[in-house]
Structures are given as structure tokens and as C-alpha cells.
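Every heavy atom of this structure was used, including side-chain atoms; hydrogens, water molecules and symmetry mates were not.
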Amino acid sequence: MQPDLLSPALAVRTLQHFRQHSPLTHCMTNDVVQSFSANTLLALGASPAMVIEPDEACQFAAIASALLINVGTLTQPRAVAMRAAVERANSAHTPWTLDPVAVGTLDYRREFCLDILNLKPAAIRGNASEILALAGERAGGRGVDTTDAAAAALPAAKRLAVRVGAVVVVSGEIDFVTDGERTLIVAGGDPLMTRVVGTGCALSAAVAAVCALPGSRTENVASACWWMKRAGQRASEICRGPGSFIPAFLDALYQLDQEAIA
């Protein structure tokens with residue numbers, strides 16, 4: 001089946017539903033991006049929480065609407081907490097999302113991510129190199145940066161989605177969102193989004209949050225990608241560089257409504 005371009009009107013409707021639900025999103029994310037991810041979720045209308053203590057993380061995963069596992073600054077104690085949270089989320093039927101940061105570069109995080117894939121994430125969001133590595137295929141990558149094109153990772157993303165039963169996002173200049181059968185394309189964004197820390201991780205937080213919504217998970221996840229790209233475009237039009245991009249980006253997320261998108 002050929003990929004389809006996501007409808008902006010669908011993204012608008014999904015945002016309205018998202019703000020009505022305001023998902024309580026448990027982010028076990030990396031130390032570099034906690035504040036930015038939380039502010040992104042708040043600007044979109046969700047309720048973020050960063051709970052990483054193993055006993056509390058396990059308890060909170062059952063309360064939250066959604067859970068994000070981001071391995072950007074993975075440690076052994078944090079891996080224990082993350083696995084416990086995922087297991088509790090599964091028992092509570094809480095959808096969880098995996099962000100396999102630099103999974104193709106370092107062995108410890110790759111082994112951890114491959115292990116928790118067996119616990120069936122609702123969604124996976126990574127760049128092309130990360131998705132290729134997670135799917136067990138030859139991948140490039142330079143730390144957290146991809147050296148592979150997003151389109152080149154789409155076949156692997158489809159196979160990974162079918163094997164795991166997840167919606168897989170390959171993010172890049174164009175985002176590909178697939179459940180293994182249906183694929184949606186999300187274009188847009190701006191190069192400045194790659195010149196600040198955390199836009200990819202913040203996207204993963206938004207992807208995790210939308211997994212709590214009813215309806216088509218593939219469409220909901222693609223809508224989250226669209227919101228981020230649209231806000232990036234709007235922010236780039238008024239900012240002067242990376243320093244002013246972040247506040248402009250958060251403002252653009254907050255102002256995403258039907259009139260602004262039109």
C-alpha cells in the first residue's frame with residue numbers, strides 16, 4: 001500500500017480531542033530534555049510528569065494515561081526503573097512508547113531496547129539510523145544523529161511495526177508513520193529544529209501522549225508529528241536563530257488551532 005499524506009484537517013481535529021483529554025503523560029526521558037519535553041506537552045495541552053525513582057515510577061505508570069521510555073541517558077538503575085514501569089503499564093493497560101536514542105551506537109542501550117521490545121510498546125519513535133538498528137539491520141548513525149535517510153528506513157519500520165505490533169515513526173525531513181500496512185507521510189518542519197536540543201525527544205513525548213487517545217493510533221501519532229512540524233515552521237518565520245527558536249516554538253504549539261493552521 002502506497003503512503004498517504006496526512007490531512008491537516010485531521011491533525012486539527014486530533015489536536016482538539018487531545019486538548020479535551022489532556023493525557024497525563026509519564027515521561028521517563030533523558031536528563032538533557034526533561035524541561036523542554038515537559039513544556040512541549042504543556043503547550044499542546046497535556047499534563048507531563050517526570051517520575052524516575054523505581055518504586056514511584058512503577059506506581060505512577062499505573063496512574064498515567066501514557067508512558068514514555070527514552071534511553072538517551074540510560075543508566076543501570078534507570079533501566080531497572082524503566083522496565084518496572086513498563087511492566088506495570090502493561091498490567092494497567094497503559095500504552096507506552098519507546099524512543100531508542102542512539103541504539104545503534106552503544107551496546108548497553110541496544111540490548112536494553114531489544115529486551116523491552118518483547119513488552120510490546122504501543123509506538124516507537126526514532127530517526128532512520130535508530131529504527132534500522134532496532135529492526136536488526138545495518139545502520140549508520142553518529143551518536144544521536146542519523147546518517148541514513150528516513151525513506152531508506154521505511155521498509156525496516158514496516159517490518160518492525162508488524163513484528164512488535166506498534167506504530168513506528170521514522171522522523172526526519174519527512175516523517176513516516178506506519179503500522180506495517182498503512183503509512184502516513186508528514187512533511188514540513190524547518191532545519192532550525194535540528195539546531196536545538198530536544199525536538200526529537202519532545203516529539204516522542206507527544207507521540208506517547210497521543211497513544212492515550214481513542215481512535216486510529218496511526219492517525220493520532222501522525223497528527224502529533226504534524227503539530228511539531230507546523231510549529232517548527234511557524235517559529236522559524238519569526239525567530240532570529242536557535243536561541244529565540246525555542247520560545248517561539250513553544251508559543252506556536254500553544255497557538256495551534258484551526259485559524260493558526262489555516
Can you give the donor-acceptor pairs under 3.5 Å from side chains of residues 71-82 to other protein atoms, not counting sequence neighbours?
| unit_1 | atom_1 | unit_2 | atom_2 | d |
| --- | --- | --- | --- | --- |
| Thr73 | OG1 | Asp31 | N | 3.0 |
| Thr73 | OG1 | Arg78 | NH1 | 3.2 |
| Thr75 | OG1 | Arg78 | N | 3.2 |
| Arg78 | NH1 | Thr29 | O | 3.4 |
| Arg78 | NH1 | Asp31 | OD1 | 3.1 |
| Arg78 | NH2 | Asp31 | OD1 | 3.1 |

Handout entry: Qualifying ring-ring contact (aromatic ring centres under 6.0 Å, His included) pairs, either residue in residues 189-213, two or more places apart
Key = none
Answer yes or no: is there a side-chain heavy-atom contact under 4.5 Å between [X] and [Y]?
{"X": "Met228", "Y": "Phe249", "result": "yes"}
{"X": "Val186", "Y": "Ile174", "result": "no"}
{"X": "Val177", "Y": "Thr218", "result": "yes"}
{"X": "Leu15", "Y": "Trp226", "result": "no"}
{"X": "Asn220", "Y": "Cys211", "result": "no"}
{"X": "Ile131", "Y": "Val168", "result": "yes"}

Supply the atom-to-atom distance [X] [atom1] to [Y] [atom2], rounded to the nearest 0.5 angstrom.
{"X": "Leu42", "Y": "Thr40", "atom1": "CG", "atom2": "OG1", "value": "9.0 Å"}
{"X": "Ile52", "Y": "Gln34", "atom1": "CD1", "atom2": "CD", "value": "6.0 Å"}
{"X": "Leu203", "Y": "Ser171", "atom1": "CG", "atom2": "OG", "value": "6.0 Å"}
{"X": "Leu213", "Y": "Gln20", "atom1": "CG", "atom2": "CD", "value": "10.0 Å"}
{"X": "Leu6", "Y": "Thr183", "atom1": "CG", "atom2": "OG1", "value": "12.5 Å"}
{"X": "Leu98", "Y": "Leu134", "atom1": "CG", "atom2": "CG", "value": "6.0 Å"}

Exercise for the section: Using the salt bridge (charged side-chain N to carboxylate O under 4.0 Å, His left out) rule, collect all pairs that involve residues 89-107, keeping only residues at least two apart or in two chains. Expected result: Asp99-Arg125, Asp107-Arg110
Problem - Pairs satisfying salt bridge (charged side-chain N to carboxylate O under 4.0 Å, His left out), at least one member in residues 37-50, at least two apart - result: none
Salt bridge (Lys or Arg N to Asp or Glu O under 4.0 Å) partners for [X], two or more places apart:
{"X": "Glu53", "result": "none"}
{"X": "Arg159", "result": "Glu137"}
{"X": "Arg182", "result": "Glu219"}
{"X": "Asp115", "result": "Arg83"}

Practice task
Would you mind checking if Asp175 and Lys229 are paired as a salt bridge, meaning a charged N to carboxylate O distance below 4.0 Å?
Solution key: yes
Practice task
Show which residues join Leu24 in its hydrophobic cluster (side-chain heavy-atom contacts under 4.5 Å, direct or indirect), or state none.
Solution key: Val51, Phe60, Ile63
Fill in the blank from the handout: Sorted by chain and residue number, the ring pair (Phe, Tyr, Trp, His ring centres under 6.0 Å) partners of Phe112 (sequence neighbours excluded) come out as none
Practice task
State whether the number of non-hydrogen atoms from other residues, nucleotides or ligands found under 6.0 Å of Arg19 atom CZ is greater than 12.
Solution key: yes
Handout entry: Whether over 12 other heavy atoms sit under 6.0 Å from Glu173 CD
Key = no
Handout entry: Single-linkage hydrophobic cluster, 4.5 Å side-chain cutoff, Val197 and Leu192 together
Key = no
Exercise for the section: Tell me, please, which residues at least two apart from Ala84 pass side chain to side chain contact (heavy atoms under 4.5 Å, CB included). Expected result: Cys58
Practice task
Name all residues meeting the side chain to side chain donor-acceptor pair (under 3.5 Å) criterion together with Thr199; count only those two or more places apart in sequence or in a different chain, and write none if there are none.
Solution key: none
Problem - Backbone of Glu130 reached by a side-chain donor or acceptor of Asn127 within 3.5 Å - result: yes
Problem - Backbone N/O of Ala202 and side chain of Ser204: donor-acceptor pair under 3.5 Å - result: no
